[in-house]
Structure formats: C-alpha cells, structure tokens
Amino acid sequence: MSELEWKTAGIPWTKQLTMTATGSGQAYRIYLAVPPGEAPEAGFPVMYVLDANSVIGTVVEAVRLQGRSRNGQGSPAVVVGLGYDEEIPFATARFTDYSLPMPIDELPPFSRGGEWPRQGGADDFLRFVLEEVRPVVESMVAINRERQAIFGHSLGGLFALHTLYTRPEAFFAYIAGSPSIDWYKRLILAEEQEFVSRLQRGGQPKQLFIGVGEEEETHPTRINEHARGVAERLGVFGDCGLNVSFEQFARENHISVLPVLISRAVRWFLQSV
C-alpha cells in the first residue's frame, strides 16, 4: 500500500485506509495508530480492535494514557482498528464477518428487522485480517509478532473466542467482551471442546480476558452466565499455558460497559507485555 493512500483520522497518532477484501469484495476502513518515537528493540506490541467505527478513539486514548510509566518512559502499543467504510458505529456486515455458520432457523428474529445477513463469515474475515491487513501493518511499523492481541465486544467477543479456539497461534492475547455466545452456543461450545482437547502442557502461553457488565445479568441471552462459564471451564488450564481473567463491571450494561472494558483490557494487555 502506498503511503499516499492513507488519510488522517482526526485521532492522535492515527491514520486510516480503505481496503477491499480480496475474497468478499467488502470494503473496510482500517485505522493505524502508531506511537511517536522509536519502536522498542523487539518491536511494538499491537492490539487489533473489532468494530473500530465505534471504539477506535477510546482504545487509542486508553493506550496513549496508560502506555507510559510515571517518568514518561516505556513503549505503548500500536492499535489496528478493523472497521467498515461507512459512518454508522455498528455496520450490518459485522453480522456476517463475526458470525459462525449457524442455520438461520436456529437464530432468534433479527434485531434490526428483516432477514438475517449471511452467517458464517468469521473464517473469511480472519483470513483477511491475517493475510491482508497484518502484512500492511508490518510493512509500516516494527511489530513484536509474539505480543499481539485481538479485542472484540458482543459479536466481536464471539469472534475473539472463535479465533482463540481455531487459530490460537494467531495472537498472544484474546479479549472477549460480553461475547454473544447464546445465539451460536452449539457451534462455539463444540469449538471450545476441540480447543481444549488440543491443549498440551508446556505449550505457547496464551492470555484470555473476558469482561461483562453487571446489568447484563438480566440480558435475555444470559451473557454473564455464558461468559463466566467459559472463564471457569478454561481457567483450569493454567498449567497448559492458558491464563484466564474474568471481570464483571458494576452498574454497566451491554453498551455502557465498553469504555470501562476498554480501559481495563488495555491495562491488562500492556501489563502482560
């Protein structure tokens, strides 16, 4: 990609680029936030962020504020925002890109009305991220390939779990906020069981952070119950290199949880690198 194709994003450190996925033809808005100054010897840690149209500014500001020690030293992370080339915060295409191939007749009525978008695009979208977006990022900034994270909320949280279960080598840290497990429970639990069966003692360490809002306890899809269940089931595999953290944020609902979730997740990730 040519440098001339990047545009300012109106966020500190950040520029943006429109990319079209080779396979699907879907247009994406990719944000790249790079800290000023030289990269550390091992390269910058990097956080890939789903639903970037809604959260990229919050994530970048959290990294800017938390990525420095009291004396101003230290290296914060690069942030790569994965968004859509439109202005709404949550594009309909995410219901394809972050979802598992669940038959439509097993899903509840579509919350936006009408028919559900095509399901099961998670693997295609992950391929786009790893094979098309990541090489562009790595051609522009020195990245620590051993310290990369993916952050997703709601359907994005489901996608983060799917990525951990099916491509655990893709990232070092996985952040699943309020994951939409209930709609895809049959498929994601099967993936979890297969992932657990492959865990081996002494494998490459992985970090998983799961966060939910306290007020999601009453959500009809039982978000907290399902998320807590994942943390409890996977939390016993610490001796296999899988370190799991779970947190419930007081008085937060499915949307209001985002800023505090982002703040805590950024802190957790920066402390792990």
Side-chain angles (χ1 to χ4, degrees), residues 9-11 14 16-19 21 24 26-33 46-63 77-100 110-112 116-130 132-134 137 148-164 170-171 173-181 183-184 188 209-213 216 219 221 223 227 249 252-266 269:
I11 302 168
T14 308
Q16 65 187 47
L17 171 74
T18 299
M19 290 184 67
S24 66
Q26 173 70 49
Y28 295 95
R29 186 177 299 166
I30 308 301
Y31 298 86
L32 179 63
V46 56
M47 179 180 287
Y48 283 78
V49 178
L50 303 173
D51 284 319
N53 299 66
S54 65
V55 299
I56 184 63
T58 308
V59 176
V60 172
E61 286 302 304
V63 171
V78 164
V79 178
V80 180
L82 305 165
Y84 295 90
D85 196 29
E86 49 188 291
E87 301 309 317
I88 63 174
F90 299 103
T92 301
R94 69 193 290 276
F95 289 95
T96 296
D97 287 342
Y98 304 165
S99 67
L100 307 183
F110 186 43
S111 60
R112 300 191 180 186
W116 275 89
R118 180 178 65 84
Q119 296 291 284
D123 287 335
D124 289 337
F125 181 69
L126 181 58
R127 191 175 304 111
F128 167 69
V129 173
L130 298 181
E132 299 186 51
V133 177
R134 181 174 279 178
V137 173
Q148 303 194 59
I150 186 164
F151 171 97
H153 167 260
S154 194
L155 265 179
L158 177 82
F159 181 89
L161 292 176
H162 169 73
T163 304
L164 171 64
F171 297 93
Y174 295 80
I175 301 157
S178 306
S180 298
I181 292 173
W183 292 347
Y184 304 90
I188 197 67
F209 181 93
I210 301 174
V212 296
E216 294 182 284
H219 198 282
T221 60
I223 287 174
F249 299 101
E252 304 296 349
N253 60 42
H254 191 60
I255 297 300
S256 72
V257 74
L258 271 167
V260 65
L261 168 68
I262 289 167
S263 177
R264 192 62 55 84
V266 166
F269 175 57

* **Within-4.5 Å side-chain heavy-atom neighbours: Leu17 and Leu32** => no

* Rounded distance (nearest 0.5 Å) linking atom CE of Met19 with atom CD1 of Ile30 -> 6.0 Å

* Cation-pi geometry met for Arg264 and Phe151 (6.0 Å, 45°) -> no

* To do: Kindly indicate whether the side chain of Leu261, heavy atoms from C-beta on, has any atom under 4.5 Å from the side chain of His153.
  => yes

* To do: Just jot down the side chain to side chain contact (heavy atoms under 4.5 Å, CB included) partners of Val129, sequence neighbours excluded, or say none.
  => Tyr48, Leu82, Phe125

* Kindly indicate, with the supporting measurements, whether the criterion salt bridge (Lys or Arg N to Asp or Glu O under 4.0 Å) is fulfilled by Asp124 and Arg127. => CA-CA 5 Å; Asp124 289 337; Arg127 191 175 304 111; 2.8 Å; yes

* Asked: Heavy-atom distance under 4.5 Å between the side chains of Phe90 and Asn53, does that happen here?
  -> no

* Hey, would you say the Phe269 and Phe209 ring centroids sit under 6.0 Å apart? -> no

* Asked: Can you find a heavy atom in the side chain of Arg29 that is under 4.5 Å from one in the side chain of Tyr84?
  -> no

* Structure fact -> To the nearest 0.5 Å, atom OH of Tyr98 lies from atom CG of Leu158 at 11.5 Å

* Are the side chains of Leu100 and Ile188 in touch, meaning some heavy atoms are under 4.5 Å apart? -> yes

* To do: Quick one: do His162 and Asp123 satisfy side chain to side chain donor-acceptor pair (under 3.5 Å)? Show the steps, please.
  => CA-CA 9 Å; His162 169 73; Asp123 287 335; 2.7 Å; yes

* Structure fact -> What one should report as the nearest heavy-atom pair of Met47 and Ala265 is CE-O, 4.4 Å

* Structure fact -> Tightest non-hydrogen contact, residues Phe110 and Trp116, listed as N-NE1, 3.4 Å

* To do: Return the minimal non-hydrogen interatomic distance between Ile210 and Pro179, and the atom names on each side.
  => CG2-CD, 4.4 Å

* Contact summary for Ala160 and Ile175, nearest pair of heavy atoms -> CB-O, 3.6 Å

* Structure fact -> side chain to side chain contact (heavy atoms under 4.5 Å, CB included) filter on Thr58, not counting sequence neighbours, yields Ile262

* To do: Look up atom OG1 in Thr96 and atom CD in Gln119, then write down how far apart they are to the nearest 0.5 Å.
  => 6.5 Å

* Side-chain contact test, heavy atoms from C-beta onward, threshold under 4.5 Å: evaluate it for Leu130 versus Phe171 and give yes or no. => yes

* Asked: Is there a donor-acceptor pair closer than 3.5 Å between any side-chain N or O of Thr163 and the backbone N or O of Phe159?
  -> yes

* Structure fact -> Between Ile181 and Ala227, the two heavy atoms sitting closest are CD1-N, 4.3 Å

* **Validation row: Ile223, His254 side chains within 4.5 angstrom (heavy atoms)** => yes

* Taking the side chain from Ser24 and the backbone from Gln26, do they hold a donor-acceptor pair closer than 3.5 Å? -> yes

* Asked: Judged by atom type as modelled, is there a donor-acceptor pair below 3.5 Å linking the side chain of Asp51 to the main-chain atoms of Ser54?
  -> no

* To do: Give, for atom CZ of Arg94 and atom OG of Ser154, the distance between the pair rounded to the nearest 0.5 Å.
  => 5.5 Å

* Asked: Would a 4.5 Å heavy-atom cut-off, applied to side chains only, mark Val133 and Phe128 as touching?
  -> yes

* Structure fact -> d(Tyr184 OH, Thr221 OG1) to nearest 0.5 Å is 11.5 Å

* For Val257 against Ser178, the heavy-atom pair lying closest together -> CG1-OG, 4.0 Å

* Nearest 0.5 Å, what's the CD1-CD distance between Ile11 and Gln16? -> 8.0 Å

* Asked: Within the side chain of Ser263, is there an N or O that forms a donor-acceptor pair under 3.5 Å with the backbone of Pro259?
  -> no

